[in-house]
There are 2 protein chains.
Amino acid sequence: MINNNTYFQIELTARRIRQYGQNVLKSQGIDITIEQWLVMNVINENESINQIDVGEKLVRDKPTISRMVNHLEKKGFIIKTSSSTDSRKVELTISKKGETMINNLYPIIEKIRFTGLNELSEKEKEIIGTILMKIRKNLDK
Amino acid sequence: MINNNTYFQIELTARRIRQYGQNVLKSQGIDITIEQWLVMNVINENESINQIDVGEKLVRDKPTISRMVNHLEKKGFIIKTSSSTDSRKVELTISKKGETMINNLYPIIEKIRFTGLNELSEKEKEIIGTILMKIRKNLDK
DNA sequence: TAAATATAGTTAGCTAAGCAACTATATTTA
DNA sequence: TAAATATAGTTGCTTAGCTAACTATATTTA
């Protein structure tokens, strides 16, 4: 049966997590997607980061990051300036509005994380991390 | 760090699996997506199934299945007829062309599955399955 | 230094997922 | 049985992911 397959379960769980998180954000009246939050968070933790580096941290390709960054800029959450030392590059920072959003978001994101994972022991988290990494390594050969 | 987070790893692994599988299919010159294959497979295992039931088995919503089914029909892999007992429903079956595709696909899909999972013991597969289910259950509360 | 190559980012085209609103047919229930 | 409700499927809108092809700027190398 397809539903017993490990791949299927990984994919299903990933989808369920995104869906659950999105619903929580929506229920709080917050106009941002989980993916957009991830980008915001990376920029927040890495002042003046460029798009390539955001993509590397989130393991997303260039066009995906490009569109998400432009989207976040349009929403006024981030500021995008051209690098003065290398004009191919962009420097991304969080705007005042973005900062406010992040401060609102942190506790909610923590709650989302907690909901799915609170019944997992540290040992279990470690085990699942190890197994997932093993799978990715096999696929990267 | 974001990359140590269990959610992030699940999502990343899911993406990597899809990506790897798609590349293998492409390299074999097979014009089908992993998602389309999943739908084909469900129809193949459940003669005359309708779209709602396909959606339930794959945990996808109605519009997603509707579009994928229409896509597969256009490609000539499946046949879609209106149910004679309930004209709201549809009856999905695999066409001759679809059957040929499935027969070609089975060994390739097995190989894809094997690549990522062959170094996992049965015990590990069981453990990861249990943990993933636990996460989903927490989110469904 | 001029030409070739590498890097950063964008645009276009595709598939898929999700939600909401819709049509059409079946079933319930008042 | 007529009206209300439930079910199956479709359409429209949005976001995201991927590939390929493109522009522009930097860096290498011949």
Side-chain angles (χ1 to χ4, degrees), chain A residues 11-27 30-40 48-56 58-75 77-78 80-92, chain B residues 11-27 30-40 48-56 58-75 77-78 80-92:
Chain A
E11 197 266 341
L12 178 56
T13 309
R15 209 141 34 82
R16 188 74 195 89
I17 291 167
R18 181 164 20 84
Q19 205 179 343
Y20 174 82
Q22 205 54 66
N23 284 343
V24 172
L25 294 186
K26 200 187 162 192
S27 75
I30 293 173
D31 180 30
I32 200 169
T33 66
I34 296 286
E35 286 80 11
Q36 286 166 12
W37 177 78
L38 287 171
V39 172
M40 295 266 285
S48 299
I49 195 171
N50 68 17
Q51 299 186 182
I52 292 283
D53 291 346
V54 172
E56 250 161 44
L58 296 178
V59 198
R60 259 88 173 174
D61 66 358
K62 293 189 293 176
T64 298
I65 300 298
S66 172
R67 284 187 180 102
M68 286 177 59
V69 159
N70 289 339
H71 203 150
L72 285 169
E73 195 197 19
K74 218 174 272 171
K75 279 182 163 179
F77 292 139
I78 66 173
K80 187 175 158 183
T81 51
S82 190
S83 163
S84 52
T85 54
D86 185 340
S87 58
R88 289 170 308 181
K89 289 186 187 172
V90 125
E91 286 176 2
L92 302 170
Chain B
E11 196 267 341
L12 178 56
T13 310
R15 208 141 35 83
R16 189 72 195 91
I17 290 168
R18 183 164 17 86
Q19 207 178 342
Y20 174 83
Q22 205 56 64
N23 284 343
V24 172
L25 294 186
K26 200 187 162 192
S27 76
I30 293 172
D31 179 31
I32 200 169
T33 66
I34 297 286
E35 287 78 12
Q36 286 166 12
W37 178 77
L38 287 171
V39 171
M40 294 266 286
S48 300
I49 195 170
N50 67 20
Q51 296 186 183
I52 293 283
D53 292 347
V54 171
E56 251 160 44
L58 296 178
V59 198
R60 260 89 171 175
D61 68 356
K62 292 189 295 175
T64 298
I65 300 298
S66 172
R67 287 188 178 101
M68 286 178 57
V69 158
N70 289 340
H71 203 149
L72 285 169
E73 195 196 20
K74 218 175 271 171
K75 277 181 162 178
F77 291 139
I78 65 173
K80 186 176 160 183
T81 52
S82 189
S83 162
S84 51
T85 54
D86 185 341
S87 58
R88 291 170 307 182
K89 289 185 187 172
V90 124
E91 286 175 2
L92 302 170

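Scope of the values below: all heavy atoms of this structure, side chains included, with no hydrogens, waters or symmetry mates. Here the structure is a predicted model, which means the values were calculated and not measured. First the proteins, then the strands, lettered A, B, ... as listed; each starts at 1.
Counting to the nearest Å, the P atom of dT14(D) and the NZ atom of K74(A) are 12 Å from each other. Remark: C1' of dA26(C) and CG of N50(B) are 14 Å apart, rounded to the nearest angstrom. When rounded to the nearest whole Å, the span between CD of E73(A) and C1' of dG9(C) equals 13 Å. Rounding to whole angstrom units, CG of residue L58(B) and P of dA16(C) are separated by 12 Å. Between the P atom of dA8(C) and the CD1 atom of I49(A) lies a distance of 12 Å, rounded to the nearest Å. One atom, CG of N70(B), and another, P of dT15(C), lie 13 Å apart when rounded to the nearest Å. dT10(D) atom C1' lies 9 Å from atom NZ of K62(B), rounded to whole Å. For F77(A) and dT15(D), the CZ to P distance is 13 Å, given to the nearest whole Å.
Applying the 4.0 Å criterion to OP1 and OP2 of dT15(D), one finds that Q22(A) has every side-chain N and O outside that range. Of the side-chain N and O atoms in T33(A), one or more sit less than 4.0 angstrom from OP1 or OP2 of dA16(D). At least one side-chain nitrogen or oxygen of S66(B) sits closer than 4.0 Å to the OP1 or OP2 atom of dT10(D).
For the atom pair CH2 (W37(A)) and CD1 (I30(A)), the distance works out to 12.0 Å, reported to the nearest 0.5 Å. For the atom pair CG (L25(B)) and CD (Q36(B)), the distance works out to 10.0 Å, reported to the nearest 0.5 Å. Rounding to the nearest 0.5 Å places CD of E35(B) at 11.0 Å from CG of L72(B).
Remark: side-chain polar atoms of K26(A) are not paired, donor with acceptor, to backbone N or O of G21(A) under 3.5 angstrom. Between the side chain of R16(A) and the main chain of E11(A), no donor-acceptor pair closer than 3.5 Å is present. Side chain of R60(A) to main chain of L58(A): a donor-acceptor pair is present (N/O by atom type, distance under 3.5 Å, no hydrogens or angles). Side chain of N70(A) to main chain of S66(A): a donor-acceptor pair is present (N/O by atom type, distance under 3.5 Å, no hydrogens or angles). Panel note: side chain K89(B), backbone Q51(B); no donor-acceptor pair is recorded below 3.5 Å. Side chain of Q22(A) to backbone of I32(A): a donor-acceptor contact under 3.5 angstrom is found.
A heavy atom closer than 4.0 Å to some atom of DNA chain C occurs in D86(B), S87(B), R88(B), these being the qualifying members of residues 80-91 of chain B.
Residues N50(B) and L92(B) have side chains not in contact (no heavy-atom distance under 4.5 Å, counting atoms from C-beta outward).
In this structure, a donor-acceptor pair under 3.5 Å is present between the side chains of T64(A) and D61(A).
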### Query
For DNA chain C, what is the dot-bracket line, given that a base pair needs Watson-Crick (N1 to N3, plus N6-O4 or O6-N4) or G-U wobble (N1-O2 and O6-N3) geometry with both distances under 3.5 Å, and | means paired with another strand?
||||||||||||||||||||||||||||||
Write down the protein N/O and nucleotide N/O pairs, taken from nucleotides 17-19 of chain C, whose separation is under 3.5 Å; answer none if there are no such pairs.
| residue | atom | partner | partner atom | Å |
| --- | --- | --- | --- | --- |
| dA17(C) | OP1 | R60(B) | NE | 2.7 |
| dA17(C) | OP1 | R60(B) | NH2 | 2.9 |
| dG18(C) | O6 | R67(B) | NH1 | 3.3 |

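When D86(B), T81(B), T85(B) are each tested for a side chain to side chain donor-acceptor pair (under 3.5 Å) with S83(B), only one passes: T85(B).
Closest contact between the side chain of Q51(A) and the listed nucleotides dA8(D), dA16(D), dG9(C) involves dG9(C).
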